[in-house]
Structure formats: structure tokens, C-alpha cells
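Within every chain, numbering begins at 1; the chains are lettered A, B, ... in the order of the sequence lines, protein sequences first and strands thereafter. Side chains are part of it too, since the values below use all heavy atoms of this structure and drop only hydrogens, waters and symmetry mates.
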Amino acid sequence: MENADIAKIFEEIADLLEIKNDNPFRVRSYRNAALIIGGFPESMRSIVERDEKELENIKGIGKSIHEKIVEIVKTGKCQFHDELLKELPPGLLELLEVSGIGPKKVQLLYEKLGIQSVDELENAAKKGKLRDLPHMGEKTEEKILKAIQELKSRKGRFRLSLALAYAEPLVAYLKKIPGVIQVEPAGSLRRWKDTIGDVDILVTCKKDAPVMDRFVKYPDVKEIIAKGDTKSTAILKSGLQVDVRVLDEKSFGAALQYFTGSKAHNIAIRDRAKKMGLKISEYGVFEEKTGKKVAGENEEDVYKAVGLPWIPPELRENMGEVEAAERGKLPRLVEINDIKGDLHVHSSESDGIHTLEEMVSYAMQKKYEYIAITEHSKAVGVAHGLDDERALKQIKAIDKINIQLKGFKILKGTEVDIKADGSLDHSEEVLRQLDVVVGAIHSKFNMTVDEMTDRIIKAMSTGLINIIAHPTGRIVGVREPYPVDMPKIIEAAKKYGVMLELNSYPERLDLNDSHCRLAKEIGVMVAISTDSHNRLHLDYIRYGIHTARRGWLEKDDVLNTRPLKEVLKILKRE
DNA sequence: GCCGTTTTCGGCCCGACTGTTTTCAGTCG
Ligand SMILES: Nc1nc2c(ncn2[C@H]2C[C@H](O)[C@@H](COP(=O)(O)OP(=O)(O)OP(=O)(O)O)O2)c(=O)[nH]1
Ligand SMILES: [Mg+2]
Ligand SMILES: [Mg+2]
Ligand SMILES: [Zn+2]
């Protein structure tokens with residue numbers, strides 16, 4: 001039982017309770033717990049094994065949910081969940097996936113028509129059986145049929161980079177509408193989450209600007225879900241959903257604060273306002289008694305009105321940022337301009353596209369002081385990995401080029417394969433001649449957690465490795481992380497003086513946000529690298545930076561914010 | 001079910017859009 005499985009159980013408990021018309025705040029508690037556990041950096045299993053009392057320290061997890069986590073970890077089951085599933089058929093859960101269908105309709109459909117699955121719902125709608133139910137008519141049937149089609153072709157959450165690629169031209173299109181003043185991506189895009197459920201765009205404009213009419217005519221729109229004066233929703237041909245919110249420029253700050261979220265952050269901020277006698281909505285901050293508007297034009301004022309400094313969007317997950325802001329303890333997050341070099345770069349010598357010289361010239365354009373050339377080793381055959389001999393040749397070649405470079409240095413490196421037994425795919429003799437050794441797992445993923453964790457720790461214990469690359473091996477939306485105990489890895493990294501990579505490839509973003517935060521807590525430095533295989537990949541650094549910011553990292557927590565001299569000192573192995 | 005600048009009970013964010021309704025419930029952001 002991994003965290004994702006436990007989160008799913010609580011999510012289902014929330015859904016089932018909601019269908020049963022249970023207390024909505026109880027429902028929220030389960031849903032909130034699912035959110036917390038799903039994003040937690042350490043597995044519930046290892047917390048329970050070490051000391052289950054630690055669960056009590058997690059905000060949002062109380063006695064009841066605590067007990068259920070322990071039960072699930074120990075027995076693999078949750079009795080309460082099982083009982084709910086005896087009362088209600090499991091098919092009701094899939095009905096909730098149909099957009100427009102919520103708990104009340106599910107209950108109604110089940111009780112009046114015995115509908116227990118999406119297929120049954122589709123049949124009933126086609127036969128016109130739904131229109132007899134209260135609050136439903138012919139239009140509802142049509143809408144449900146459309147929503148079922150949409151569900152069947154739904155692809156799940158989009159990679160951040162892909163969602164951005166769809167959002168950018170739409171933003172440009174909206175900016176050209178007459179009367180439009182500002183167009184800002186908001187939601188999870190502005191928070192730089194690794195995956196995006198839908199794109200949220202905030203627009204401010206002069207009165208009567210035809211924003212919504214033009215939005216729904218955007219050539220890439222496939223279907224209009226809703227269209228109102230201030231809020232519309234459409235689905236693009238790619239299947240990506242877009243929400244556009246339009247407000248007056250006087251509300252820009254409050255609207256951006258609202259639409260950036262996260263939902264949990266908004267609730268926390270609004271709750272705080274309420275306790276101060278204020279009310280926050282997307283229109284502004286208002287005094288509860290008089291209704292007088294006290295903020296709204298810009299975001300900073302909204303936070304100021306509730307006694308807080310402005311909080312960077314990447315932190316707005318209600319994971320301690322409100323408390324930190326209150327105590328003046330917000331981190332000074334790392335910025336893209338802090339980056340002085342890139343420590344994971346390939347050239348055409350292994351599986352890169354561009355030559356070493358081409359990579360260097362682009363890095364110099366970016367005003368970097370250094371990059372490390374880190375080719376694969378021979379075990380990664382598909383990538384033309386280097387054996388010792390080729391590695392030695394490359395060392396000599398780099399030495400030669402370095403002589404001619406001014407104000408820039410190529411670090412001699414490798415992305416050495418960590419073999420199944422934890423040994424490294426180059427000789428110690430070669431590894432000792434390199435400036436930086438990046439170690440990574442590339443095959444044999446089907447190990448137990450303990451085996452995989454030991455494998456990586458063994459590699460770290462050789463004293464030959466500086467950095468572990470893409471430490472969990474996940475591919476966003478494609479491959480789960482291999483089983484590995486990250487807290488143990490991070491502790492071992494601390495012990496052996498090894499650093500961890502945040503791989504900036506948008507398909508990887510590995511370490512992820514919560515692991516970055518754990519690394520900082522434990523005191524392990526993170527290297528934000530791009531793993532570039534062509535020169536434009538060097539620009540992927542921005543994904544890494546924003547993910548690091550989501551993990552609360554500051555400049556000093558990041559290895560490659562340091563100038564060349566310092567980095568070389570840190571990379572020196574005993 | 002959770003939690004504590006109204007602390008161990010009582011409150012838990014606030015508003016838009018739709019389809020049905022004749023005054024609003026449901027769903028969603
Ligand atoms: N106050 C408040 N704001 C909400 C609520 N639901 C959503 N929002 C705000 C905050 C969200 O970040 C923003 C956009 O909503 P989305 O459902 O698109 O969520 P978000 O973009 O955060 O994540 P996503 O990747 O789309 O799943 O709207 C809510 O229930 N209350
Ligand atoms: Mg969104
Ligand atoms: Mg949205
Ligand atoms: Zn690589």
C-alpha cells in the first residue's frame with residue numbers, strides 16, 4: 001500500500017459519504033487527508049513502522065484518520081471503506097467522473113432508476129428516462145451524453161510543459177481582443193505544478209469588451225461547456241479544458257489571488273480573513289460589517305489586508321506557507337538568475353543531438369560559468385554509453401577545449417550507471433579523474449523497496465559519486481517511481497556527502513517538489529540540472545527552478561547557484 | 001472529521017453557471 005493507494009481509499013470514502021448525504025465537513029476532512037497523503041514525501045508505511053505517533057503531527061490528520069492509516073498499512077484494508085462499499089455499489093464512484101454529475105444526482109439515479117455504471121447511465125439518457133426525475137429534463141440528458149463522450153476520451157492530467165504549450169497561444173489570442181487590459185495564466189499553471197488538470201486564465205478588461213464571445217470562437221475550441229458574463233469553460237481539440245474568468249481591473253489582485261489557488265490555500269486565507277472581520281472573494285477584501293472594500297487591485301494588498309506578506313504562487317498549497325508568512329519565515333526562493341551552470345548535460349558523444357562545442361556555446365549565451373558533460377556509461381547501450389577508454393578520450397578532449405575558453409569551464413563528468421548490485425559502470429581510476437560524477441539507475445527497476453534503496457545507498461557509499469540523478473526514476477504520467485525509500489536515501493546522502501539532482505526535464509521533474517522540501521529539511525543540497533540532450537533543453541532549467549521553489553528551496557540549498565570555484569570545492573571527493 | 005487570536009465545542013470560503021425551477025438546487029471554480 002503506497003501513499004497513492006491510501007489517498008485513493010480516503011478519496012473514495014469521501015465520495016461515498018457524500019453520496020450518502022453525510023456531513024459535508026466530514027467529507028472535506030477525508031478529501032483533505034487524501035490530498036495531504038497523496039503529496040507526502042515519506043510513505044505512510046515507513047512512518048507507521050518507525051513510530052505511528054508521528055502521524056499526529058500532520059495537520060489535517062486526526063484520531064480517526066490516523067487509526068485508519070495504521071489499519072490500512074498493517075492489514076491492507078480499511079473496514080469503514082469496505083462497509084461503505086457494501087452499502088453502495090462501487091460503480092457509483094465512476095458515475096461521479098462524468099462532469100456535471102455530482103453526489104446528489106448519483107444518489108437520485110441510483111435510487112430511482114437503479115443506475116450503477118456509466119454504461120447504464122448512457123442507456124437511460126438515450127432512452128429519455130432521465131427527464132422524469134426532479135430537476136432534470138431533455139437538456140440534462142443531452143448534456144450527460146456529451147459529458148460521457150468527453151469522459152471516454154479523457155486523457156487525464158496534462159504535463160506542465162504540454163499545458164503551457166496550449167496556454168501560450170490562447171493567452172496571446174485573448175490579449176488581442178479589443179478592450180482587454182491584462183491576461184494572466186492562473187491556477188496550477190501559475191503555481192507550476194508538475195501536472196495540470198485544466199488551464200485557468202484570468203482576464204481584466206474595459207466594460208463591454210467581447211471577451212467571452214471571442215474566447216468561445218478560438219479556433220482550437222472543440223466544445224463549450226459553459227459561457228457566462230464573467231466565467232466560461234471550453235474544451236480544446238486536444239481534450240484540455242480551459243476556464244476563463246473575466247473581471248474588472250479594479251479586482252485584478254483579488255481575482256488573481258482567487259484564481260491562482262490552490263483551493264486549500266484560498267480556504268485558509270479566507271478563513272483567516274473571516275476571523276479578522278473581513279471577507280475575501282475574487283472581487284476584493286471587504287469589511288464584514290460595513291461592506292467597505294479595503295483591497296483588491298493588486299495581490300500584495302490582498303495579503304497585506306490579512307496581515308501577511310505576499311506569498312509566492314509556488315508555495316500556495318496550504319502546506320505551512322500561511323503560518324510561515326505570519327511568522328515572517330517565508331523562504332527567499334531560488335530564482336532562475338541565481339543559476340550559474342548545469343551539471344548534467346549530454347553531447348553527441350553519447351545520445352545527445354549537438355556536439356560538445358555546440359552545447360558549450362549555448363551555455364555561454366545563457367551566461368553560465370560552467371557545464372558538466374555527463375555522458376552515459378556503457379551499460380546504457382541504447383544511448384551509446386562510453387566505456388572507460390572513450391571516457392578517457394573525452395577527458396583529454398575537454399582539457400584541450402578548456403584551454404581556449406575564457407570565463408567558462410567544461411567540467412569533465414559522467415552519468416555513470418548504477419548497476420543492480422550498486423556497483424558503478426566505470427573504473428575507479430576513470431571516476432577519480434573526473435570533476436563530477438553523476439550516478440543514476442537506468443535498468444532493473446523491478447526490485448523491492450529495500451533492495452532498490454540499498455542499491456542506491458551502496459553506490460553513494462563508494463565515495464565516488466557526487467550527485468544522484470533523477471533519484472526516483474518517474475516519468476510524469478507514464479511511469480511511477482521505482483520503489484525507493486526517499487527519506488532513507490536523503491539521510492544516506494547526508495551521511496555520505498552526496499547531493500541529489502532535481503532533473504528539470506518536464507517529463508521527469510525528479511526530485512519532485514515534496515522531496516526537495518524533505519532534502520532541505522534534512523540538509524542535503526540539490527543540483528538543479530537539465531539532462532540536456534540538445535541545446536534547447538538547457539532552457540528546461542525553468543521547470544526545475546519552479547519545482548525547486550515549490551519545494552521551498554532557497555539559493556543556498558541549490559548547488560549550481562554557486563560560482564565555479566565553490567562548486568569545484570564542493571565536488572572534490574576524498 | 002478536524003481544530004483552537006471566540007479554544008475541547010461549535011464552526012468549517014465564497015461565488016458563477018445551468019436547467020429547472022416559479023424561487024433554487026446542484027455542480028463546479
Ligand atoms: N475559494 C475557492 N477557490 C477555488 C475553489 N475551487 C477552485 N478554486 C480556485 C483555486 C484554484 O486554483 C482555481 C482553479 O481551479 P482548478 O479546479 O482549475 O484547480 P487548479 O488549477 O488549482 O488545479 P488543476 O491542475 O486544474 O487540477 O480556482 C473553491 O472551492 N473555493
Ligand atoms: Mg486548473
Ligand atoms: Mg479550472
Ligand atoms: Zn542523463
Under 4.0 Å between any heavy atoms, over every strand shown, what does [X] touch: base, sugar-phosphate, or nothing? Just pick one.
X	result
Pro24(A)	nothing
Ile225(A)	nothing
Glu141(A)	nothing

Does dG19(B) have a Watson-Crick or wobble mate here (both distances under 3.5 Å), and if so which one?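 Here dG19(B) is engaged in a pair, and the nucleotide opposite it is dC24(B).
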Which of these nucleotides, [options], is closest to any side-chain atom of [X]?
X	options	result
Lys275(A)	dT6(B), dC17(B), dA25(B)	dT6(B)
Lys263(A)	dC13(B), dC28(B), dC2(B)	dC13(B)
Lys227(A)	dT18(B), dG15(B), dC12(B)	dT18(B)

Going by number, which of residues 146-173 of chain A have a non-hydrogen atom under 4.0 Å from DNA chain B?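 None, since no heavy atom is under 4.0 Å.
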When you measure from the side-chain N and O atoms of [X] to the phosphate of [N], is any distance below 4.0 Å, counting only OP1 and OP2?
X	N	value
Tyr283(A)	dA16(B)	yes
Gln241(A)	dC28(B)	no
Arg245(A)	dG15(B)	no
Arg26(A)	dG1(B)	yes
Lys274(A)	dC14(B)	yes
Thr140(A)	dT18(B)	no

Under 3.5 Å, is there an N or O donor on one side and an acceptor on the other linking the side chain of Asp198(A) and the base of dG29(B)?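 Between dG29(B) and Asp198(A), which were checked side chain against base, a qualifying N/O pair under 3.5 Å is absent.
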Is it true that atom NZ of Lys222(A) has more than 12 heavy atoms of other residues, nucleotides or ligands lying nearer than 6.0 Å? yes
Row check, Phe10(A) ring normal vs Lys68(A) NZ/CZ: under 6.0 Å, within 45°: no
